[in-house]
Protein chains: 2
Amino acid sequence: MDAKTLCLGVLLRGEASGYEIKKAFEEGPFSHFHQTSFGSIYPALNALSAEGLITGRAQAQDKRPDKKLYSITPKGRSALISALKIEPAPDVMRSDFLFILSFAQFLPPRRVGHLIDQRIAWYREALERMESCACTNTVPAGAAFVRGMGIAVYRAAADYLEAHRAELIAEISESATLVAE
Amino acid sequence: MDAKTLCLGVLLRGEASGYEIKKAFEEGPFSHFHQTSFGSIYPALNALSAEGLITGRAQAQDKRPDKKLYSITPKGRSALISALKIEPAPDVMRSDFLFILSFAQFLPPRRVGHLIDQRIAWYREALERMESCACTNTVPAGAAFVRGMGIAVYRAAADYLEAHRAELIAEISESATLVAE
DNA sequence: CTGACATATATCAACCCTATATAGGTGGGC
DNA sequence: GCCCACCTATATAGGGTTGATATATGTCAG
């Protein structure tokens, strides 16, 4: 899924600036299953604009830098629908946290505990953000389904970490492969 | 987490070739939380070799191309342990599937159903692979913990998809925003 | 009144992924 | 028997993405 398609997807939900698109992937409705950076968003918006798939208008703001608000065009809408026809690549989870923890026996138990606590807090915070979104019954069916999946998966992750934290710490504390803090 | 650290992580578990490292991220014990490609593995192995963090030896094979088996050196081991001290980046899920499904109301219900079925099958298959790994009690504590987390999360995903498939299809079938197949 | 953080756009180097090349073995279908 | 698809195995080029940085201004806490 390239940056252009991702931007079109956000813009289908309504007018937005580059900064707002970034937020949609950072804390908004897309945050739990895709991400992008300014380095790909701004070039993508320029390309989409040149191809006539979106149109931009400048929005002067009080006590804020100007915004460039982009809207999807009918041509852009059909380009998106057509892009949705591709076979989706396999789902991918990327977690430095789990990579590090898979070598828990080489880490000080205190650090392992701290890492797990941090991650539980992170998942719980994300869950609150997803659940609090009061829009439950106004959201289109697809978005609601996807949001529910995010909640289910994040809850499973947080629950697992809470349930197995003590066990892991106990096991690595016993072991002799401990390294110095 | 850069490719070099990921390779060191695999090699800490034992001697391996570039191809085998790829497999560790594709279907092996790292598959559910990180991935790499040949395009990053081979240059990483060359760089690690030049830095003295790993050593390579050629392994002639019967009726197969030669392998280059790499082993981690003591220097490499401490470089890895030291790399594990960084603060892990936030966990990230990347799913074209969920991105597409979030626009389910613009897709033919038949395709939505097919996509979900495919994804359930994919998750169930991955689960079987993770669970069948009979090594449960011989694996180090960290690896077992991480494996359990993968199973918990994948099971939650598959269960959610199964539980809500019918509901989503019903909702988009009713809706008027249907597009032609 | 300073430092941290938010809004807002933009770019660049470093890195990573995808696709492709090479080369031979294995196994299924017709 | 032959072809096609797929597995083992290494390698690279090209294109795209990430992360850091630059710029400019406003807010808010200590």
Side-chain angles (χ1 to χ4, degrees), chain A residues 1-8 10 15-28 30-31 34-50 54 56-70 83 86-96 99, chain B residues 1-7 10 15-28 30-31 34-50 54 56-70 83 86-94 96 99:
Chain A
M1 228 37 16
D2 56 17
K4 278 159 59 175
T5 309
L6 295 176
C7 287
L8 281 179
V10 177
E15 211 177 34
S17 66
Y19 190 81
E20 287 162 352
I21 292 174
K22 176 84 191 299
K23 277 204 298 187
F25 287 106
E26 218 159 59
E27 34 190 72
F30 296 89
S31 60
H34 252 295
Q35 36 282 139
T36 17
S37 56
F38 291 132
S40 48
I41 290 172
Y42 288 117
L45 289 174
N46 289 332
L48 289 169
S49 221
I54 62 174
R57 67 181 182 88
Q59 165 85 66
Q61 285 193 114
D62 206 44
K63 304 185 177 177
R64 288 259 164 252
D66 279 16
K67 266 184 193 179
K68 278 188 207 162
L69 286 173
Y70 293 95
I86 59 147
E87 280 308 292
D91 288 2
V92 151
M93 166 112 170
R94 192 166 300 208
S95 173
D96 286 359
F99 182 78
Chain B
M1 252 331 74
D2 57 17
K4 277 158 61 174
T5 308
L6 295 176
C7 288
V10 177
E15 212 178 32
S17 67
Y19 189 82
E20 287 163 352
I21 291 174
K22 176 83 190 300
K23 276 204 299 187
F25 287 105
E26 217 160 60
E27 35 190 69
F30 296 88
S31 62
H34 253 294
Q35 36 282 139
T36 18
S37 56
F38 291 132
S40 46
I41 290 172
Y42 287 117
L45 289 174
N46 288 331
L48 289 169
S49 220
I54 61 175
R57 66 178 182 91
Q59 165 84 64
Q61 286 191 112
D62 206 44
K63 304 187 177 178
R64 288 257 164 252
D66 278 15
K67 265 185 194 179
K68 278 188 207 163
L69 284 172
Y70 292 95
I86 60 145
E87 280 309 290
D91 288 1
V92 152
M93 166 112 172
R94 192 166 301 210
D96 286 358
F99 182 78

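From a predicted model like this one, the values you see are computed outputs, not experimental measurements. Naming convention: chains lettered A, B, ... in sequence-line order (proteins, then strands); numbering from 1 in each chain.
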Select from I41(A) and S40(B) the residue whose nearest nucleotide in DNA chain D is closer to the 5' end of that strand.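 Between the two, 5'-proximity favours S40(B).
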Contact under 4.0 Å: [X] side-chain N or O vs [N] OP1/OP2:
X	N	answer
S17(B)	dT10(D)	yes
R94(B)	dT18(D)	yes
Y19(B)	dT8(D)	yes
Y42(B)	dA11(D)	no
K68(B)	dA11(D)	yes

At under 4.0 Å between heavy atoms, what does G39(B) touch on the DNA or RNA strands: base, sugar-phosphate, or nothing?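 If one applies the 4.0 Å heavy-atom cut-off, G39(B) turns out to touch a base.
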In this structure, how many angstroms lie between the [atom2] atom of [N] and the [atom1] atom of [X], rounded?
X	N	atom1	atom2	result
I86(B)	dG19(D)	CD1	P	11 Å
I21(B)	dT8(D)	CD1	P	15 Å
L69(A)	dT7(C)	CG	P	15 Å
L45(A)	dT17(D)	CG	P	12 Å
K22(A)	dA20(D)	NZ	C1'	12 Å
F38(B)	dA9(D)	CZ	P	10 Å
F25(B)	dC17(C)	CZ	P	10 Å
K23(B)	dC7(D)	NZ	C1'	9 Å

For a quick test of reading the model, state the closest non-hydrogen atom pair linking [X] to [Y] and the distance between them.
X	Y	answer
D66(A)	A60(A)	OD1-CA, 3.7 Å
S49(B)	I54(B)	N-CG1, 3.6 Å
A89(A)	D96(B)	N-OD2, 3.6 Å

5'-most contact on DNA chain C (nearest-nucleotide basis), P43(A) vs K67(A), goes to K67(A)
Once the angle between the rings of F99(B) and H34(A) is folded into 0 to 90°, is it parallel (under 30°), tilted (30 to 60°) or perpendicular (over 60°)?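 It falls in the perpendicular class, over 60°.
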Minimum-distance nucleotide to E20(A) side chain [options: dT18(D), dT17(D), dA8(C)]: dA8(C)
Are K22(B) and F38(B) in a cation-pi contact, defined as NZ or CZ under 6.0 Å from the six-membered ring centre and within 45° of the axis?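 Pair K22(B)/F38(B) counts as cation-pi.
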